[in-house]
Amino acid sequence: MKNNSLKGLETIDIEGFREDLINWFSEEKRDLPWRKDRDPYKIWVSEIMLQQTRVDTVIPYFNRFIEQFPSVEALSTADEERILKAWEGLGYYSRARNLHSAVKEVHEKYGGKVPDEPKEISALKGVGPYTAGAILSIAYGKPEPAVDGNVMRVLSRILSIWDDIAKPSSRKIFEEAVRVLISHDNPSYFNQALMELGAIVCTPTSPSCLLCPVREHCSAFHEGVQNELPVKTKNKKQRPISLAAAVLVDETGRTLIHKRSENGLLANLWEFPNIEIHLPYRTEGEQLTDFLQQEYGAAIELGDMAGTIEHVFSHLIWNIHVYKGKVVSIKEEREGLKMVSSEEIEAYPFPVSHQKMIKQFYKK
DNA sequence: GAAGCGTGGGG
DNA sequence: TCCCCAAGCTT
């Protein structure tokens, strides 16, 4: 064994650990919609949705998504706008765009069959080491590691691994451990059981060791250090950004919306016109009015500020000053700019921050 | 390796 | 209120 962090592998009863873990999972596994069959496409969709996202949040999105896009064929031929609308509120929207792109590749290059080779599946957009291992093991029964945050937490305790799990390089240590530990008879259950245990029993704070099916095999439990593991450095604080946004309606009741850039934050979602405020040498209203004229060719009349929205991202905080106003005239219908009725607006995908604006400042 | 990328829930 | 996230990937 090359890695000094894996000394715990020398003493663990591997056969006993596998058996206790898999027996527990067989009895206690949750009844989840993506566990009803082994369709690699559905497993794939579920794994993308579950990235950095809780099971309870994903369930309704998964059910609606599979209803709308039941197969590789259906998703690969769908419009991105509809896919983003189905993803609206789930966050990390590049997941949806990458999934769309990857499914198209599977449709064209592999005749719609999700590949079962590590190299091929890892080459798909949005499929990293975790997702590749999850699909290969769960859908195809291959003994590949699927190391997520749960697995690192659980194994850091079982094997007393003190490496910082926030560091990208640590994942390789845990993959090495899984390659030694994994059941070749049932890789699917083994990987899922590690994650399920992390989600239900071996939780980040106050793990339920007395209910744990593998506590006899757990180094941290024996040493009484389960609350010290895993080691994980803290996140940085969010950076605040001030925005001024305008909800603008014309005399027929239509409102002006804009499609965001295809790169970066909330890419390809729609929004109400807005600008970042640095230093208010001029009033926000003046800056907003000039911006709408110059960038969108729209003449507007703005009222007083109608209210504020705060929205917290993982790395930013938006403080949005919301203004209401009228569109007096607009030059042309250019790409990425639309006047929409209150019925039409429902077909467009908005970030949650702008859904709040719709609710508070647009809808009656 | 570090930073960018969402959201809603829980202690 | 604040912090920590939750089945990570891309650049």
Take the protein atom [atom1] of [X] and the nucleotide atom [atom2] of [N], then report the distance between them rounded to whole Å.
X: A/Asp56; N: C/dA6; atom1: CG; atom2: P; result: 13 Å
X: A/Arg153; N: C/dC4; atom1: CZ; atom2: C1'; result: 12 Å
X: A/Arg97; N: C/dC9; atom1: CZ; atom2: P; result: 16 Å

Qualifying residues under salt bridge (charged side-chain N to carboxylate O under 4.0 Å, His left out), relative to A/Arg38, sequence neighbours excluded:
none
Excluding sequence neighbours, so at least two apart, what forms salt bridge (charged side-chain N to carboxylate O under 4.0 Å, His left out) with A/Lys42?
A/Asp37
Stretch residues 124-143 of chain A: residues that reach within less than 4.0 Å of DNA chain B through a heavy atom:
none
Residue-level proximity of residues 28-42 of chain A to DNA chain B when a heavy atom falls under 4.0 Å
none
When you compare [N] with [M], how far apart are their [atom1] atoms, in angstrom units rounded to a whole number?
N: C/dT10; M: B/dG1; atom1: C1'; result: 13 Å
N: B/dG6; M: C/dC5; atom1: C1'; result: 13 Å
N: B/dG8; M: C/dC9; atom1: P; result: 22 Å

Begin with the C-alpha distance, continue with both residues' side-chain angles, and end with the deciding distance and a verdict on side-chain contact (heavy atoms from CB on, under 4.5 Å) for A/Cys212 and A/Trp24.
CA-CA 9 Å; A/Cys212 180; A/Trp24 170 80; over 6 Å; no
Worked verdict on A/Trp87 versus A/Ile48 for side-chain contact (heavy atoms from CB on, under 4.5 Å):
CA-CA 11 Å; A/Trp87 210 272; A/Ile48 300 297; 3.8 Å; yes
Using the benzene-type ring in the case of Trp, are the ring centres of A/Phe25 and A/Phe190 under 6.0 Å apart?
no
What donor-acceptor contacts under 3.5 angstrom involve side-chain atoms of residues 223-249 of chain A, with partners at least two apart or in another chain?
unit_1	atom_1	unit_2	atom_2	d
A/Thr233	OG1	A/Asp164	OD2	3.0
A/Gln238	NE2	A/Phe313	O	3.3

Using a 4.0 Å heavy-atom cut-off to protein, can you give one letter per nucleotide of nucleotides 2-11 of chain B, 5' to 3': B if the base is in contact, S if only the sugar-phosphate is, - if neither?
-SSBBBB---
After noting the C-alpha distance and the side-chain angles of A/Phe69 and A/Phe65, does the key distance pass the ring pair (Phe, Tyr, Trp, His ring centres under 6.0 Å) rule?
CA-CA 6 Å; A/Phe69 313 110; A/Phe65 197 91; 4.9 Å; yes
Could you list the donor-acceptor pairs under 3.5 angstrom formed between side-chain atoms of residues 103-119 of chain A and any protein atom two or more places apart in sequence or on another chain?
unit_1	atom_1	unit_2	atom_2	d
A/Glu105	OE2	A/Lys109	NZ	3.3

Going by atom type alone, with no hydrogens or angles, which donor-acceptor pairs under 3.5 Å involve a side-chain atom of residues 123-135 of chain A and a protein atom two or more places apart or on another chain?
unit_1	atom_1	unit_2	atom_2	d
A/Lys125	NZ	A/Ser101	OG	3.4
A/Tyr130	OH	A/Glu47	OE1	2.6
A/Thr131	OG1	A/Gln51	NE2	3.0

Show me the donor-acceptor pairs within less than 3.5 Å that the side chains of residues 274-284 of chain A make with the rest of the protein, sequence neighbours left out.
unit_1	atom_1	unit_2	atom_2	d
A/Asn274	ND2	A/Glu271	OE1	3.1
A/Asn274	ND2	A/Phe272	O	2.8
A/Arg282	NH2	A/Asp290	OD2	2.3
A/Thr283	OG1	A/Glu286	N	3.1
A/Glu284	OE1	A/His321	ND1	2.9
A/Glu284	OE1	A/Tyr323	OH	2.6
A/Glu284	OE2	A/His321	ND1	3.0

Donor-acceptor contacts, no H, no angles, side chain residues 298-310 of chain A, under 3.5 Å, sequence neighbours left out:
none

Hey, are A/Glu175 and A/Lys172 close enough for a salt bridge, meaning a charged N less than 4.0 Å from a carboxylate O?
no
Give [X] one of three labels, base, sugar-phosphate or nothing, depending on what nucleic acid heavy atoms sit under 4.0 Å from its own.
X: A/Val151; result: nothing
X: A/Ser169; result: sugar-phosphate
X: A/Arg171; result: nothing

In a check of side chain to side chain donor-acceptor pair (under 3.5 Å) between A/Trp270 and each of A/His258, A/Glu88, A/Glu81, which one passes?
A/Glu81
Check the interface with nucleotides 1-3 of chain C: list each N/O to N/O pair with the protein under 3.5 Å, or write none.
none

Is there any salt bridge (Lys or Arg N to Asp or Glu O under 4.0 Å) pair reaching into residues 246-256 of chain A, and which pairs are they, with sequence neighbours excluded?
A/Asp250-A/Arg254
